[in-house]
Amino acid sequence: MSNSTVSGNTTSHYLAATINVQSEIAKKVISENIPNKEIIYICGVDVAYRNNIAYCSAVLMNKNSMEVKESVNITLSVKHPYVPSFFMLRESEAIINILKPLKNRFDLLLIDGHGVLHPRRCGLASYIGVIIDSPTIGVAKSILCGSVNADHFIDVDGVISGFKMIKEKKKPIYISVGHKINLVNAIRIVKQLVKPEERIPEPLRLADIYSKALANSVP
DNA sequence: GCGACAG
DNA sequence: ATCTTGTCGC
């Protein structure tokens, strides 16, 4: 099997092919608010892992009332290992599939991972956004690449690609455009979804709790 | 070449 | 992410 080097990792050739896929998806990412209407229903998705099984939860909330409108779970087998900058291979299938059982529509999808704040501007959130043609925001708990400016914006290859959101006494979260939204709006929306004493925007925080509970409910 | 590296 | 004990701080 032929190999190549990707960011220091020796990879199988399909990962090298994935670089091309990511580059093509990146060209399709739109960093503008589309559609230009009020975003009310927001869906957050997270995945927990246990014994090579992925336990996925989606939580759909009303941004204004902060009430949960709907919540669904699915379980599926994991097909790819985790490789930095190729997280989409591991987690995208679960996310694509958990949107199917949702009965209610959403205006925006919140993803646990980066959007364009990625070496090839195609993190999980951007990949999902382009694939399902829906607005998405990437929210990650640690940074993958880029340099943080004095104003907390993050530069990747000379382009402002993300924002380091800091709440006193808490670890930061990193926000970036997934698809069909601009960075300033993404920051505003995420801020609005983080409860006073919390760190993670509510739809993602709940999805994290629910997916872990689902994973632990299986003997 | 070395180190860093979403979940 | 997950595994996993005690320990430090408020």
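Within every chain, numbering begins at 1; the chains are lettered A, B, ... in the order of the sequence lines, protein sequences first and strands thereafter.
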**OP:** Measure from NZ or CZ of Arg90(A) to the centre of the six-membered ring of Tyr49(A) and say whether it is under 6.0 Å with the direction within 45° of the ring axis.
**Re:** yes
Subject >> Charged tip of Arg120(A) within 45° of Tyr127(A) ring normal and under 6.0 Å >> reply: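 No.
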Provide, to the nearest angstrom, the distance between the [atom1] atom belonging to [X] and the [atom2] atom belonging to [N].
| X | N | atom1 | atom2 | value |
| --- | --- | --- | --- | --- |
| Asn216(A) | dA1(C) | CG | C1' | 12 Å |
| Ile154(A) | dA6(B) | CD1 | P | 13 Å |
| Leu144(A) | dA4(B) | CG | P | 14 Å |
| Asn51(A) | dA1(C) | CG | C1' | 13 Å |
| Leu117(A) | dA4(B) | CG | P | 19 Å |
| Gln22(A) | dA6(B) | CD | C1' | 12 Å |
| Asn52(A) | dT2(C) | CG | P | 13 Å |
| Leu214(A) | dA1(C) | CG | C1' | 15 Å |

Does [N] have its OP1 or OP2 closer than 4.0 Å to a side-chain nitrogen or oxygen of [X]?
| X | N | value |
| --- | --- | --- |
| Ser142(A) | dG7(B) | yes |
| Lys141(A) | dA1(C) | yes |
| Tyr82(A) | dA6(B) | yes |

Original post:
Cut-off 3.5 Å, side chains only: do Glu67(A) and Asn62(A) have a donor facing an acceptor?
Top reply: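 No, no side-chain donor-acceptor pair sits under 3.5 Å.
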Original post:
Does Ile181(A) offer a backbone N or O that forms a donor-acceptor pair with the side chain of Glu32(A) under 3.5 Å?
Top reply: no
Pick base, sugar-phosphate or nothing for [X], based on heavy-atom distances below 4.0 Å to the nucleic acid.
| X | answer |
| --- | --- |
| Leu124(A) | base |
| Ala48(A) | sugar-phosphate |
| Lys212(A) | sugar-phosphate |

Original post:
Does the pair Asp112(A)/Lys141(A) count as a salt bridge with the N-to-O cut at 4.0 Å?
Top reply: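 Salt bridge: yes.
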